[in-house]
Amino acid sequence: MPELPEVEYVARQLRQTLVGRTISDARVNWPRTIAHPDVATFCAELPGAHVLGIDRRAKYLLITLSGDQALLIHRRMTGNLLLFPAAADDSPWEEVPDPYCRAVFLLDDGCRLVFTDPRKFGRIALYPTSELSAALHGLGLEPLGEEFTPEALGKLLAGRSRQMKPLLLDQTCIAGIGNIYADESLFRAGIHPLRRAETLTPPEVARLHAAIREVLELGIEHGGTTFGRHQDIWGEAGRNRAHLAVYQRAGEPCLRCGTPLVRVVVAQRGTHFCPTCQPGPAADTLVEAAPTEAEREVASLKERASAEK
DNA sequence: CTATAAACCTGCTGGC
DNA sequence: TGCCAGCAGGTTTATA
């Protein structure tokens, strides 16, 4: 799934190929892909727009256009941005060789930037530059940015009772980490995914800070992690999968100590870790287990009974 | 504040 | 071999 490294890698590729081009036309096959404004306005605004720059914020890709506008793209689960060469004949709309094409941007050199997305979760928005910060409001620290320091991470964790895994996935805390790199970061730092945030020691915070950066930078270096769908703009898969230590390796030996890796579900997400290298939290640092549905039912029955007395 | 679950979607996998 | 339930996960929204 596209997380920060997958988005950053594609952003760098697009910076090489797209800046300086002009969008000559746009078509949308799946209207819900366009989050803002309505599809008709979206398609009407784009022809003639020059691509001025490509940026990334968290898992968002930003394409800055002339006319004080910008495209904001989120690939969500299965979205990809592919660059296709000019169509052989004069049919740029029919010749897109991808069954999951949701939107096509025709460029002045005949190339086509195609947004493909089997699951249809991905979103593209067009905003005036002045509304960009509002559209991106609420995002947390940029993990590769200057503001992400060990001290800032420590401040973020202090006084919080949350489990580390859900916290790392929370985009309002740190923005850009997803399921793969959350597991990889915690393994590299030697921290159990169920540890409560406020129980991390300063050395552990420092380790986690370094681990997050290392894991993300390696991911970018390797063109991202492809599990199923991530592709770069040329349709190439990422090469980071071979460098993962724990994600999707349940039952296989830990690369550090040989212990079979474990998979549990945390916050509705598959979570992979080494029970030896990421020692389980001491009893008083564990988040109290949530009651099962049956236990809750019993509790509510008891409550009603005592209320009736 | 924190947690849980469902919704959005469809390709893929595993079990029978 | 073929069918189908269930899983996968980023984000938003609703509920406790």
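Naming convention: chains lettered A, B, ... in sequence-line order (proteins, then strands); numbering from 1 in each chain.
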Protein-nucleotide distance ([X], atom [atom1]; [N], atom [atom2]), rounded to Å:
X	N	atom1	atom2	answer
A:Lys165	B:dA3	NZ	C1'	16 Å
A:Leu168	B:dT2	CG	P	14 Å
A:Ile180	C:dA8	CD1	C1'	11 Å
A:Arg229	C:dG10	CZ	C1'	16 Å
A:Ile177	C:dT11	CD1	P	11 Å
A:Arg162	B:dC1	CZ	P	10 Å
A:Arg269	B:dA5	CZ	C1'	12 Å
A:Tyr247	C:dG10	OH	P	7 Å

Ignoring backbone atoms, test whether [X] places a side-chain nitrogen or oxygen under 4.0 Å from the OP1 or OP2 oxygen of [N].
X	N	value
A:Arg32	B:dC9	yes
A:Tyr100	B:dG11	yes
A:Arg123	B:dC8	no
A:Arg76	B:dC8	no
A:His74	C:dT11	yes
A:Lys120	B:dC8	no

Given C:dT11, B:dG11, B:dA3, which nucleotide is nearest the side-chain atoms of A:Gln163?
-> B:dA3

Ranking C:dA8, B:dG11, B:dT10 by distance to the side chain of A:Arg263, first place goes to C:dA8

State plainly whether the residues [X] and [Y] are in salt-bridge range, i.e. N to O under 4.0 Å.
X	Y	result
A:Glu142	A:Arg57	yes
A:Arg75	A:Glu6	no
A:Arg188	A:Glu184	no

Stepwise side-chain hydrogen bond (donor to acceptor under 3.5 Å, both in side chains) test for A:Gln69 and A:Glu45 = CA-CA 9 Å; A:Gln69 290 192 306; A:Glu45 288 281 327; 3.1 Å; yes

Answer with base, sugar-phosphate or nothing: what part of the nucleic acid does [X] contact at a heavy-atom distance below 4.0 Å?
X	value
A:Phe227	nothing
A:Met77	base
A:Arg160	sugar-phosphate
A:Gln171	sugar-phosphate

Taking the P atom of each, how far is B:dC9 from C:dC4, in whole Å?
-> 23 Å

P gap between C:dT1 and B:dG11, integer Å | 23 Å

Can you list the steps and then say if A:Asp117 with A:Asn80 is a side-chain contact (heavy atoms from CB on, under 4.5 Å)?
-> CA-CA 6 Å; A:Asp117 187 17; A:Asn80 277 317; over 6 Å; no

Assign each of A:Gly159 and A:Gln268 the nucleotide of DNA chain B bearing its closest heavy atom; nearer the 5' end lies the nucleotide of A:Gly159

Cation-pi geometry met for A:Arg241 and A:Phe227 (6.0 Å, 45°) = yes

